[in-house]
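Data block below; observations after.
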2 protein chains.
Amino acid sequence: MATLKDVAREAGLSVGTVSRVLNNRGYISDETRQSVNRAMKKLNYQPNEMARSLSKQRSSMIGVIVPSISHPYFSKLVESLESSAHHEEYEILLFVSQGRPDREEEYVRACISNRVAGLILCTGSVRTARLKNLGFPVVAYERLLNDADAGVECDNYEGGSLAAEELIRCGCRNLLCISGIGEVSMPADVRRDGFLETCARHEGISVRSFACSEESISDLKYKTQLQTCMDQNLGVDGVFASSDVIAAELLGVLRARGQRIPEDVKVIGYDDVFVSELTTPELTTIHQPVKEMAQTCIDIIRRAAAGEAYPARTVLRVNLVQRGSTRMLRGD
Amino acid sequence: MATLKDVAREAGLSVGTVSRVLNNRGYISDETRQSVNRAMKKLNYQPNEMARSLSKQRSSMIGVIVPSISHPYFSKLVESLESSAHHEEYEILLFVSQGRPDREEEYVRACISNRVAGLILCTGSVRTARLKNLGFPVVAYERLLNDADAGVECDNYEGGSLAAEELIRCGCRNLLCISGIGEVSMPADVRRDGFLETCARHEGISVRSFACSEESISDLKYKTQLQTCMDQNLGVDGVFASSDVIAAELLGVLRARGQRIPEDVKVIGYDDVFVSELTTPELTTIHQPVKEMAQTCIDIIRRAAAGEAYPARTVLRVNLVQRGSTRMLRGD
DNA sequence: TTAAACATGTTAACCGATTGACATAGGTAC
DNA sequence: GTACCTATGTCAATCGGTTAACATGTTTAA
């Protein structure tokens, strides 16, 4: 495997000059630049990132810790993160914590050992080791973490509120809020609060709340619980589920009970992942601007690396996407 | 940030001894081991993986290149890969190629630069740069790649065959095979072959074939095409779709046309991802042993690193999972 | 008693870059 | 003619580990 030294020899230049070309430092003539490029191509040179990272005290990798990746919300997030990272010449070092605090800590340590350029944390568990002074920025994604250097989230309260408004607008009077995925911590709690409080501001609306538990976040199976839930909550004519996956399963559960959607019961999901367009009827849902959120995370890390200032907290707007699960008429 | 030298000083030992403890080489007494551990803990020492990788000529990262990650099949795969990798003390360096050959090449180069321990390729495009003598093993996942060091796949022919047998057993006579995702290359072609050839071996079975095109693999939207498809193929009473996502969308399309499932049309998907349990009815599908396939990939890389022999090609068995989309009675 | 095996130390080269200090020129501007 | 910019070279330290060679003891076993 060719090294910088080989390239320098091939191009008839010194390592210093070649390094300058690679890192765009100091003065370099076009001619030199070209002959370096020629030599690199000829020798099929690939810079050794390990050596590079060692000498600059930072790698070009961004650590990403998610609780699950098979969950469509997180797979969409990771795809978006990868895409944004690629634009900025970063790579993704991916860790799946399964929501287990021990793994999270272990993974944070792995990021430290790899001297990542930044760490994006979207964990379920609260207890996480000290995240201060790690030498790189830690971005908390959809999660309040006072130890983190920055936070990126969407307006969950508004999301819950929009869902309530829509159901009420569609004529529902007996509402139900089902929360689930990793809702121990902040974000989805706030969704529920937004939903419940908005309902309370309207006359003649009854509203109940149900919390799904989950063994593993990668399980994605809620049917039994949803059956129990619907048994306990008869007469409901509008449901807000805190994720599209839950909402999608709910459609099946409701149908099995002979309830038509949206005629008898209207359903709103959350996230706007592909699942919401896969069901029949398609799901009305709250769109999270995942791409923008991902871009924001990467941008924070880029800025931190460049020594620029970056926002401590970014809250992005959500919006309602109307589809068949709340709408009588098909109007696509 | 503490270094090995600091740890050695703190423990009153030499760097050589500390390194021996870290790498389990040579003779070390329990006492020494403990005092090293104590010192590491006290200084909160995290070994610098960059330096480690540089001196051993290899990192502990495994490069993974997938065409998409929002597609549930690949997100399940990546989750499994991460899990297996974690057991073997590897980390995942994730790349999403979007099926674009230029990105693939770029990502292969990134893996070389990062001196990965191995590379797992599951790409859609055929043309990929030379993969020989990269200094690490390249494992082709569900893809025939003569340049790769090893291949891991499932028995796609058998999968197609099982689907045909099931539909015929359920009484279908007018079959349709819908293929899609990345089927330019080998694996899904073989699924179709297995399906078609098995049909041909039965009397009185008519069978047609339809290929979905796709702009982007992360799109996951086939509805329009599926409508066209069903317009062109009237009278079909059994469909084999080459992925659960396509099958799930098909359910909606069929329902919109007033066809009941499974009474009027039976549907079989492929992959056995969570989507197949999310639809109503749930999807009968061909289960791919993704976890085992992932484990096999990681194991090949581990063996290669240890200088052990490993299989050049591994073909894993698939099996049929019966659910509501082919079965009249509910028997869960 | 003597040879292994055990346990640690010292030293230094090496992995493949980056980077700064300092030197050397040719060209241009005033 | 002096000063400055441009362009490159040389040299060596540095990043933080790994590892081999060699030395020096202490135990243990035959």
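Per chain, numbering begins at 1; letters A, B, ... match sequence-line order.
- Rounded to an integer number of Å, the gap from B:E49 CD to D:dC15 P is 19 Å.
- With C:dA17, D:dT18, D:dG9 as the candidates, the nucleotide lying closest to the side chain of A:L13 is D:dG9.
- The nearest whole Å value for the distance from the CZ atom in B:R33 to the P atom in C:dA7 is 9 Å.
- Checking the phosphate oxygens (OP1, OP2) of D:dT18, a side-chain nitrogen or oxygen of B:R52 falls inside 4.0 Å.
- Side-chain N/O atoms of A:S14 include one lying less than 4.0 angstrom from OP1 or OP2 on D:dG9.
- Atoms CG (B:L54) and C1' (C:dA13) sit 13 Å apart, rounded to a whole Å.
- B:V108 is not listed as a side-chain neighbour of B:V138, based on a closest heavy-atom distance of 4.5 Å or more.
- Close to C:dT18, at under 4.0 Å from its OP1 or OP2, lies a side-chain N or O of A:N23.
- Taking the side chain of B:V15 as heavy atoms from C-beta on, and the options C:dG16, D:dG17, C:dT11, the nearest nucleotide is C:dT11.
- In this structure, the CD atom of B:Q34 is 15 Å from the C1' atom of C:dA7, given to the nearest Å.
- Residues A:L94 and A:V66 form a side-chain contact, since some pair of their non-hydrogen atoms from C-beta on lies under 4.5 Å apart.
- Listed pair B:Q57 / D:dT18 fails the phosphate criterion, with no side-chain N or O lying under 4.0 Å from OP1 or OP2.
- Nucleic acid contact for A:S29: sugar-phosphate only, since backbone atoms but no base atoms lie under 4.0 Å from a heavy atom of the residue.
- Between D:dT19 and B:R25, a contact under 4.0 Å exists linking OP1 or OP2 to a side-chain N or O.
- Contact between the side-chain N/O atoms of B:Y27 and the OP1/OP2 oxygens of C:dA4 is not found at any separation under 4.0 Å.
- For B:R20 and D:dA20, the CZ to P distance is 11 Å, given to the nearest whole Å.
- Atoms CZ (B:R115) and P (C:dG16) sit 7 Å apart, rounded to a whole Å.
- A salt bridge is defined here as a Lys NZ or Arg NE, NH1 or NH2 lying under 4.0 Å from an Asp or Glu carboxylate O, and A:R313 with A:E153 meets this definition.
- Taking atom CG of residue B:N114 and atom P of nucleotide C:dG16, one finds them 15 Å apart after rounding to whole Å.
- Residues A:R302 and A:Y90 form a side-chain contact, since some pair of their non-hydrogen atoms from C-beta on lies under 4.5 Å apart.
- Residue whose closest nucleotide on DNA chain C sits further toward the 5' end, between A:G16 and B:T17: B:T17.
- Phosphate contact (OP1/OP2 of C:dC14, side-chain N/O of B:S55, threshold under 4.0 Å): absent.
- In this structure, A:L4 atom CG and C:dA17 atom P are separated by 5 Å, rounded to whole Å.
- Residue A:S19 places no side-chain N or O under 4.0 Å from the OP1 or OP2 atom of C:dA17.
- Shown here are the side-chain hydrogen bond (donor to acceptor under 3.5 Å, both in side chains) partners of B:D30, two or more places apart in sequence or in another chain: there are none.
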